[in-house]
Amino acid sequence: GNSVTQMEGPVTLSEEAFLTINCTYTATGYPSLFWYVQYPGEGLQLLLKATKADDKGSNKGFEATYRKETTSFHLEKGSVQVSDSAVYFCALGNFGNEKLTFGTGTRLTIIP
Amino acid sequence: DTAVSQTPKYLVTQMGNDKSIKCEQNLGHDTMYWYKQDSKKFLKIMFSYNNKELIINETVPNRFSPKSPDKAHLNLHINSLELGDSAVYFCASSQGEAPRRFFGPGTRLTVL
């Protein structure tokens, strides 16, 4: 079955630091990959996605590349801000499969 | 315009009580879900409905009963509440076979 392994947190960085949150997966077929973000007190929002190998998803300065050879979808940002403090979830899902598999979430805190 | 809405946002109640959480989506999606998020932010699928028909029913105590009066609504009723039911409950929706989920803002349930 599908599974997602996500970098354990919490992660604390200084403002303007470089961010990487690792995500690897196991899956059958050709899943779509997602990063969701949950800001304090809110629901999950889609941050970015990629639907096939070598696709790069990007949004709000965040990027992640769908790497089939390493089964990874690492989240990166070149210069984080305090407003990026949130919990980040890696997820994967196949078309036609009702289940979306989430990682355990990584709490990110950015200090000024 | 709110895409996926839940009420109430906060629910504090005593052990043994029965309570309901309501969810509505105005996206025209045909599939709706309930997720439970524990204190460590781990997300677990509970139920999934497609066009008012139950699709996914994970290992959830039968004190939890979802009800979908129409495809825009999915309510969650919980009988005989226990301390361990304290969590944040998220409603979500999706369209067709696409794996992307649209999440509501969550309902924080506290059982005393």
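In what follows, chains are A, B, ... by sequence order, proteins preceding strands, each numbered from 1.
No continuous path of ILVMFWY side-chain contacts below 4.5 Å connects Phe102(B) to Tyr88(A), so the two sit in separate hydrophobic clusters. Tracing side-chain contacts under 4.5 Å through hydrophobic residues (I, L, V, M, F, W, Y), one reaches Met32(B) starting from Phe64(B); they form part of the same cluster. Linking Ile, Leu, Val, Met, Phe, Trp and Tyr whenever their side-chain heavy atoms come within less than 4.5 Å leaves Leu92(A) and Ile45(B) in two separate clusters.
Closest approach of Phe90(B) and Gly43(A) over heavy atoms only: CE2-CA, 3.3 Å.
Both the backbone and the side chain of Thr104(A) come within less than 4.5 Å of a heavy atom of chain B. Interface residue Arg100(B): backbone and side-chain heavy atoms are both found under 4.5 Å from chain A. Neither the backbone nor the side chain of Gln45(A) has a heavy atom closer than 4.5 Å to any heavy atom of chain B.
Using a 4.5 Å cut-off on side-chain heavy atoms (C-beta onward), Leu100(A) and Tyr35(B) make contact. Put simply, the side chain of Glu42(A) does not reach to within 4.5 Å of the side chain of Phe103(B), judged on heavy atoms.
Between Phe42(B) and Phe102(A), the ring centre distance reaches or exceeds 6.0 Å.
Chain A forms the most heavy-atom pairs under 4.5 Å with one residue out of Lys9(B), Gln37(B), Lys40(B), and that residue is Gln37(B).
Surrounding OH of Tyr30(A) are at most 12 heavy atoms belonging to other residues, nucleotides or ligands under 6.0 Å away. Other residues, nucleotides and ligands contribute more than 12 heavy atoms inside 6.0 Å of the CD atom of Gln81(A). Atom NZ of Lys52(A) is surrounded by 12 or fewer heavy atoms from other residues, nucleotides or ligands within 6.0 Å.
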